[in-house]
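Encoded as structure tokens, the structure appears first; notes follow it.
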Amino acid sequence: TLLLLLEWSSYTVGASLQGTIIWICSTEGNVWQNKTFQPQEPIQYPNDICSMQQGLDCNGNDIVRKDGIKSAADCCAFCKTVSGCLAWTYDTNPSHPPYCFAKHNCDGMSHKYPNTTISGYGPSPPPGPLAVVIDTHRTNQTMEGFGGCFNEKGWDALNALENETALMEVLKNIFSMETGLKYSINRMPIGSSDFADSYYSLDDTPGDFGINNLSLARDKEKLIPYIKAAMEINPSLRLWGSPWTGPEWMKDSDNYGCGSLSSDNQTRRAYALYLAKAAKAYIAQGLHFEHLAIQNEPNQGDVWDPVKKSCHPSYPKMHWNGTQLHTFLRDHLGPTFVNEGIFDTVGIFLATFPVDDFTNYVEPTLSDTQAVKYLSGIGLQYAGVGMMPQIHAMAPQLKMWETETPCGSGHPCDNNWDWGESQWNYMYNFINNGASVYSQWNIILDETGESGWGWSQCSPVTINRTSKTAIYNPSYYATKHYSFFVEAGAKLVQTTGGDTDSQKVISFLNPDGRLVVIALNTAENATNIVVNSTTTQLFTASLPAHSMNTFIVNT
């Protein structure tokens, strides 16, 4: 069996692979690099809890140092009193009083201080290996791909780079199907989003119920050039879109930042036509526009108060309830897509839901065969993952896509390692619940991460406008573990035993028959795993502390 491993830090593979050459893609220090690797025997902890190794220094993470220890035996005894201590080193260098290091682990012994150290293993061996079983005969959804969202702020950031060569290099690292993230299914806003430069729609002419003045002029300034630059890297790049708000003149608030679509049928027919004509206009521009979601986060948007004649505007948004989505789809949008000749080429998604509220938001549509017949899928994000089992049970024919990864926090947003681990976990949870597409939110932002409305969010790639350099954040590599190796057409494979508080394992069967095993270890210590099929052992490995790891098994 030949394995390919992808990981963030150093790696030790179990003895069952002795003699097999391993190919590793390492992302140490935010550098994605390749190297060959020979498997090594993992550390075996002896039964003797105070087994001593004269002249050797234990390589492991320190918990605490204690001075005044008088012997190696006392050092071992001290280790027994320290929570989490599995190894120790007693240092007798004459330049200082003797002291003892209690350690989390012992990944190996070195001769760094042969005359002054004694090391040993702690009061108990580490936990047994994590046992994972993969049943390739039991598969779930077919994966379609991964992507992110094009926004004006991303194009602004890219254009702060030194030249076009640098710009295209960043896009290659995202969209290339050979070396990049392989982003193949990507989102675009229809009109302004919160990462647009300002409010706008595609038809800002009040009273244009025939949508005769729909214009892509604003999109041609930044959004479409951004998309077409990505298409130079991947000409087959697929797109889907959603509005954050309709034109303000169509809303009960007459305001982009709050309120709902006006309830009269003339406006609702016009808005359906607006969305249909927008899809057709994007296709006419040469974009592979394939799906449209009725609304981004329909629960957002302060509702218009007809008595006070006010609402509280913010970034572009438009509020819908589940009944409004249901009747708009059934009575207006679905029939308009049919009449405009695009129903078979542009699929309709109900919305992108960030809440777990199936009864109020989704069930009204799924309960009506005259509405659901127009539907291709449903977008979920954030807490929306909680609705996925109910959606699948009620409408298993519908696609379920994760449509926006969480945004992060801090100002500027904290694109740190913890955030990368959390992004890995979000992908794990949504895909295990049936998502066939996983979408990041912003792909690229500048060093502030700021929206057009002043808050900061995270992104896989940050452009520093001062140094004119691109920074690939941990979330970039977290995504790449999935997007680079899980091919379109791959099946999610049933995997058991690989879900603990600190470790997660997920598996896919690619169309070429190769098995992709992706593992996360968020613990402070390395964790050994044994991965089996239902009939044989596939491999053993040691997952370093706080590491992301990918294994490719030729079955």
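Computed over heavy atoms, backbone and side chain alike; hydrogens, waters and symmetry mates excluded.
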When you look at Ser422 and Asn425, which way does the side-chain hydrogen bond (donor to acceptor under 3.5 Å, both in side chains) test go after all the steps?
CA-CA 5 Å; Ser422 74; Asn425 266 313; over 6 Å; no
Go through it in stages, so that I can follow the logic: the residues are Tyr199 and Tyr256, the test is ring-ring contact (aromatic ring centres under 6.0 Å, His included), and I'd like the CA-CA distance, side-chain angles, deciding distance and then a yes or no.
CA-CA 7 Å; Tyr199 291 130; Tyr256 281 119; 5.4 Å; yes
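- For the side-chain hydrogen bond (donor to acceptor under 3.5 Å, both in side chains) test with Lys491, the passing option among Thr139, Thr136, Thr142 is Thr142; the others fail.
- A salt bridge between Lys153 and Asp446 is absent, with no side-chain N of the basic residue lying under 4.0 Å from a carboxylate O of the acidic one.
- No side-chain donor from either of His392 and Gln141 sits under 3.5 Å from a side-chain acceptor of the other.
- Taking both residues in full, the closest heavy atoms of Leu214 and Asp208 are given as N-OD2, 4.5 Å, listed atom of the first, atom of the second, then distance.
- Across all their heavy atoms, His481 and Asn549 have their closest contact at CE1-N, 3.6 Å.
- Using cut-offs of 30° and 60° for the angle between ring planes, the Tyr476 and Tyr472 rings count as perpendicular.
- Salt bridge present: Glu144 and Lys399 bring a charged side-chain N and a carboxylate O closer than 4.0 Å.
- Outside the 6.0 Å centre-distance limit, the rings of Phe289 and Trp240 are not counted as a close aromatic pair.
- Counting only N and O atoms by type, the side chains of Arg218 and Ser198 include a donor and acceptor under 3.5 Å apart.
- In this structure, Leu130 and Gly498 approach most closely via the heavy-atom pair CD2-CA, 4.3 Å.
- For Cys407 against Trp441, the heavy-atom pair with the smallest separation is SG-CD1, 3.7 Å.
- One side chain, Ser467 or Thr469, offers a donor N or O that lies under 3.5 Å from an acceptor on the other.
- We find the CG-OH distance between Leu181 and Tyr477 to be 9.5 Å, quoted to the nearest 0.5 Å.
- Thr403 and Gln381 share a donor-acceptor pair across their side chains, judged by distance under 3.5 Å alone.
- Counted by atom type alone, Glu402 and Ser439 present zero donor-acceptor pairs between their side chains at under 3.5 Å.
- Side-chain contact annotation: Thr462 with Asn473, donor-acceptor N/O pair under 3.5 Å present.
- For the residue pair Ser201 and Asp203, no side-chain donor N or O sits within less than 3.5 Å of a side-chain acceptor on the partner.
- Each salt bridge (Lys or Arg N to Asp or Glu O under 4.0 Å) pair with one or both residues in residues 172-184, not counting sequence neighbours, appears once here: Lys182-Glu487.
- In this structure, Tyr315 has its ring center at least 6.0 angstrom away from the ring center of Trp453.
- Side chains of His319 and Gln300: a donor-acceptor N/O pair is absent below 3.5 angstrom, by distance only.
- Residues Ser475 and Ser459 come closest through the heavy atom pair OG-O, 3.8 Å.
- Under the 4.0 Å criterion applied to side-chain N and carboxylate O atoms, Glu152 and Lys222 are not assigned as salt-bridge partners.
- Between Cys458 and Cys413, the SG-SG separation falls below 2.5 Å.
- Phe328 and Tyr271 have tilted rings, their planes meeting at an angle from 30° to 60° on a 0 to 90° scale.
- For Phe150 and Tyr282, the ring centers sit 6.0 Å or farther from each other.
- The environment of Asp501 atom CG is sparse: at most 12 non-hydrogen atoms of other residues, nucleotides or ligands sit within 6.0 angstrom.
- Of all heavy-atom pairs spanning Val531 and Ile134, the tightest one is CG1-CD1, 3.6 Å.
- Residues that satisfy the disulfide bond (SG atoms under 2.5 Å apart) test with Cys258, not counting sequence neighbours, are Cys311.
- Here Ile294 contributes atom CD1 and Leu275 contributes atom CG; the two are 8.0 Å apart, rounded to the nearest 0.5 Å.
- With 3.5 Å as the limit, one finds no donor-acceptor pair spanning the side chains of Asn159 and Arg465.
- The neighbour count for His288 NE2, taken as heavy atoms of other residues, nucleotides or ligands under 6.0 Å away, is above 12.
- Taking the six-membered ring for Trp and the full ring otherwise, the centers of Tyr361 and Phe353 sit less than 6.0 Å from each other.
- Within the cation-pi definition used here (under 6.0 Å to the ring centroid, within 45° of the axis), Lys480 qualifies as a partner of Phe484.
- Side chains of Asn521 and Ser547: a donor-acceptor N/O pair is absent below 3.5 angstrom, by distance only.
- Checked by atom type, the side-chain pair Ser260/Lys251 shows no donor-acceptor distance below 3.5 Å.
- Side-chain contact check for Ser451 and Asp194: no donor-acceptor pair (N or O, by modelled atom type) lies under 3.5 Å.
- Under the 4.0 Å criterion applied to side-chain N and carboxylate O atoms, Glu297 and Lys317 are not assigned as salt-bridge partners.
- If you check the side chains of Asn416 and Asp418, you find no donor sitting under 3.5 Å from an acceptor.
- Counting non-hydrogen atoms of other residues, nucleotides and ligands closer than 6.0 Å to CD of Glu162 gives a total of 12 or fewer.
- A donor-acceptor pair shorter than 3.5 Å can be found between the side chains of Gln423 and Thr405.
- When ring centroids are compared, Tyr438 and Tyr482 stay outside the 6.0 Å threshold.
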